[in-house]
Protein chains: 2
Amino acid sequence: MVKRDEVARRAGVSAAVVSYVMNNGPRPVADATRQRVLAAVEELGYRPNGVARALRSRRTWSIGLVVPDNSNPFFAQLAHAIEDETFARGYSLLVGNASGDAARVESYLRTFQDRQVDGLIVVTNGPTEDLARTYEGRVPLVIVVDQPVRGLAASTVKVDNKEGARLATEHLVSHGFTRIACIAGPRDSAPGRERYEGWQTALRAAGLAAPDSLVRWAEFSLRGGAEAVRELLDSSPAPEAVFAATDLQAIGALRGTADAGVSVPDGLAIVGFDGIAEAEYTVPRLATVRQPVGLMGRRAVELLFRENGGDQVHEVFPLTLVSRGTCGCPER
Amino acid sequence: MVKRDEVARRAGVSAAVVSYVMNNGPRPVADATRQRVLAAVEELGYRPNGVARALRSRRTWSIGLVVPDNSNPFFAQLAHAIEDETFARGYSLLVGNASGDAARVESYLRTFQDRQVDGLIVVTNGPTEDLARTYEGRVPLVIVVDQPVRGLAASTVKVDNKEGARLATEHLVSHGFTRIACIAGPRDSAPGRERYEGWQTALRAAGLAAPDSLVRWAEFSLRGGAEAVRELLDSSPAPEAVFAATDLQAIGALRGTADAGVSVPDGLAIVGFDGIAEAEYTVPRLATVRQPVGLMGRRAVELLFRENGGDQVHEVFPLTLVSRGTCGCPER
DNA sequence: CTGAAAGCGCTAACAA
DNA sequence: TTGTTAGCGCTTTCAG
């Protein structure tokens, strides 16, 4: 590996000048000298060692991202937005999947901090107690999707889950359904709980009952949705409509409904939550509450790098109800 | 930040001993001494600086992964498998999306090498000429999905795309279809081309024509599949069945078929390729050719770290035809 | 078994 | 405008 001193020798300058040229500063360099250095860099194929650079400058140009599971389209789309923004700013992303394992989150959080990342973004959909224990507070942290976490100096980016769920459910009510079920998330997930509460709120506002028999606490997965809807359809009286806490569950529910020989939306209307790309391509198309995932991802990165790093910001993004075939609205 | 020397002072030992304890070597440490050091580490909350460590030891414990697009479920599932394996081995993953931009691939490749990654995995589905130019050969490289690349000292992991496509198409032939179309990938994608060739081969083997009018070169996306199938259904005579080069396109085609008012599989039978999780949840369920994505991801990491780094290995993984509702086979 | 010290490749303060 | 050099925090060789 060719290193700085070889370039300096070749260009007939000191090591410092090579550095000044590579970094465009902090000292100016005469144009003729700069050209000589750049020529030497080119000829030798010199590339500065990022590790040495990071050690000396105390800046790694990397940020750590922990997501629950990048195989979940919602998180994949969010991660992609985050990556676009970090790439545009010249940062690299260290990525870790929680894969439903709290110890793994902790491990990644520690490792990333040991690697001296310049910032940390954690996307959570489950319990967050461990976070406060593992986060050392040395670099900025932004939490996406979940609530502000107690005792943690972190900004957050989220949507109003309860309100979104309320909107979705209200829409089902407006279709005239009275037995509207809820496929909720795991009980230890804040978004899961909040979306359940929104469903409850909407039903009560409409003067409808929201009994436990209409609720299934399921995993945030295709299978979770499929199994939950089967149980709901097997109960009697069966629901006429269902609000699912995530699109993934809703798509699973679409499948489970077909398995039960029930048609959508006539036999069962369905509304999901998230607005993932796949929801536009189901048959029938999935009605959903769309999160502005691109905006949220980009904003998370902005918050991480904002000048005034001291104060925490808690941003709540707007939700859009998207009615499509599965809720009983005409397609298109 | 507390550092090594403070720990040493606190424990009443030299800096070297702290290092020996933290790394379990390379020199042995008396048990009593080790306990004193560990106690000091604990009390002070010492965490070794990974950057300094990497500079000195010439090992970063990180590997770089470039994928075409992590929002694509196939690549997301592959990336997840790769991450499971790197995590198990104590490595962190730097992840970059190509996002269809060759310059971005190049940028990530350079950046990752500048950061002194211990290995590089590149997942490609497009042209690969730039790779050879950008890869410096200093760390091991494994290429996944695509062909071995000319002039590049890299191992590869892939499936026999042509054979898989042939299998899928042959299966459609066995259902008695004679007008079987092909939704192929972009022309500059090797897997796209090979899958097209497999379709062609199967048709010819069955004594059927494989005219260009039955082929649509589409993007590897939901939309690509939906648009392609609309064109095919609008042509006359319309095909009775279609082989799609990816499940994503096939799922898009499912949607496009519904838009055309044609039912699946009676009006149009469909078989995809990849075996993504989502394929099990479409209505009807998507028949496909499954790639062993978990195995492939893990194997890519194994190849990266294999002892005998010198020789290249080109592994071809087995494919499984999975018949489900969309090809006309009974569900389950 | 433990300590002293060199040096990984670079940035930037200080000197010229 | 350019050169000299300390030192980022650690691993590991060499002495003891």
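Per chain, numbering begins at 1; letters A, B, ... match sequence-line order. The figures that follow rest on heavy atoms only: side chains count, while hydrogens, waters and symmetry mates do not.
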When you check the side-chain N and O atoms of A:Arg115 and B:Ser92, is any donor under 3.5 Å from an acceptor? yes

Residue-level proximity of residues 3-22 of chain A to DNA chain C when a heavy atom falls under 4.0 Å: A:Lys3, A:Arg4, A:Ala16, A:Ser19, A:Tyr20

Quick one: do B:Phe220 and B:Asp69 satisfy side chain to side chain contact (heavy atoms under 4.5 Å, CB included)? Show the steps, please. CA-CA 10 Å; B:Phe220 287 138; B:Asp69 175 9; over 6 Å; no

Report all side-chain donor-acceptor pairs from residues 24-42 of chain A shorter than 3.5 Å, counting only partners two or more places apart or in another chain.
| residue | atom | partner | partner atom | Å |
| --- | --- | --- | --- | --- |
| A:Arg36 | NE | A:Ala11 | O | 3.0 |
| A:Arg36 | NH2 | A:Ala11 | O | 3.4 |

Backbone N/O of B:Arg59 and side chain of B:Asp118: donor-acceptor pair under 3.5 Å: no

Quick one: on DNA chain C, does B:Val29 or A:Arg27 contact a more 5' nucleotide (nearest heavy atom)? B:Val29

Nucleotide interval of DNA chain D bounded by contacts with chain B (heavy-atom cut-off, under 4.0 Å): D:dG9 to D:dT13

Please find the earliest and latest nucleotides of DNA chain C, in the 5' to 3' direction, that have an atom within less than 4.0 Å of any heavy atom of chain A. C:dG9 to C:dA13

For A:Phe305, which residues count as a ring-ring contact (aromatic ring centres under 6.0 Å, His included) partner, sequence neighbours excluded? A:Tyr91

Within the side chain of B:Thr156, is there an N or O that forms a donor-acceptor pair under 3.5 Å with the backbone of B:His314? no

Mind checking salt bridge (charged side-chain N to carboxylate O under 4.0 Å, His left out) for B:Asp114 and listing every partner two or more places apart, or none if nothing turns up? A:Arg47

For B:Arg89, salt bridge (charged side-chain N to carboxylate O under 4.0 Å, His left out) partners two or more places apart: B:Glu85

The helix from C:dC1-D:dG16 to C:dA16-D:dT1: angle between end helix axes, five pairs per end, rounded to 10 degrees: 40°

Among A:Ile121, A:Leu120, A:Leu94, which residue satisfies the side chain to side chain contact (heavy atoms under 4.5 Å, CB included) criterion with A:Ile63? A:Ile121

Decide yes or no on side chain to side chain contact (heavy atoms under 4.5 Å, CB included) for A:Arg53 and A:Met22, but give the supporting numbers first. CA-CA 11 Å; A:Arg53 229 172 188 186; A:Met22 296 310 286; 4.1 Å; yes

Of all residues at least two apart in sequence or in a different chain, which pass the salt bridge (charged side-chain N to carboxylate O under 4.0 Å, His left out) check with B:Arg138? B:Glu136

Base, sugar-phosphate alone, or nothing: which one does B:Arg58 contact when heavy atoms must sit under 4.0 Å apart? sugar-phosphate

Using side chain to side chain contact (heavy atoms under 4.5 Å, CB included), reason through A:Lys3 and A:Asn49 one step at a time and then give a plain yes or no. CA-CA 8 Å; A:Lys3 46 192 97 146; A:Asn49 179 318; over 6 Å; no

A:Gln116 side chain to B:Ala52 main-chain N or O, any donor-acceptor pair under 3.5 Å? no

Say whether, by atom type as modelled, one donor and one acceptor occur between the side chain of B:Arg10 and the main chain of B:Val7 under 3.5 angstrom. no

Sort and list the pairs that fulfil side-chain hydrogen bond (donor to acceptor under 3.5 Å, both in side chains) and have at least one residue in residues 100-111 of chain A, not counting sequence neighbours. A:Arg104-B:Glu83, A:Arg104-B:Asp84, A:Glu106-A:Arg110, A:Glu106-A:Arg133, A:Tyr108-B:Glu83

Quick check against the 3.5 Å criterion: does A:Asn97 have a side-chain atom that pairs as donor or acceptor with the backbone of A:Ser99? no

Which residues, if any, of residues 110-117 of chain A bring a heavy atom under 4.0 Å of DNA chain C? none

Under a 4.0 Å heavy-atom cutoff, the residues of residues 48-56 of chain B touching DNA chain C are B:Leu55, B:Arg56

For A:Ile276, does its backbone N or O pair with a side-chain atom of A:Asp274 as donor and acceptor, under 3.5 Å? no

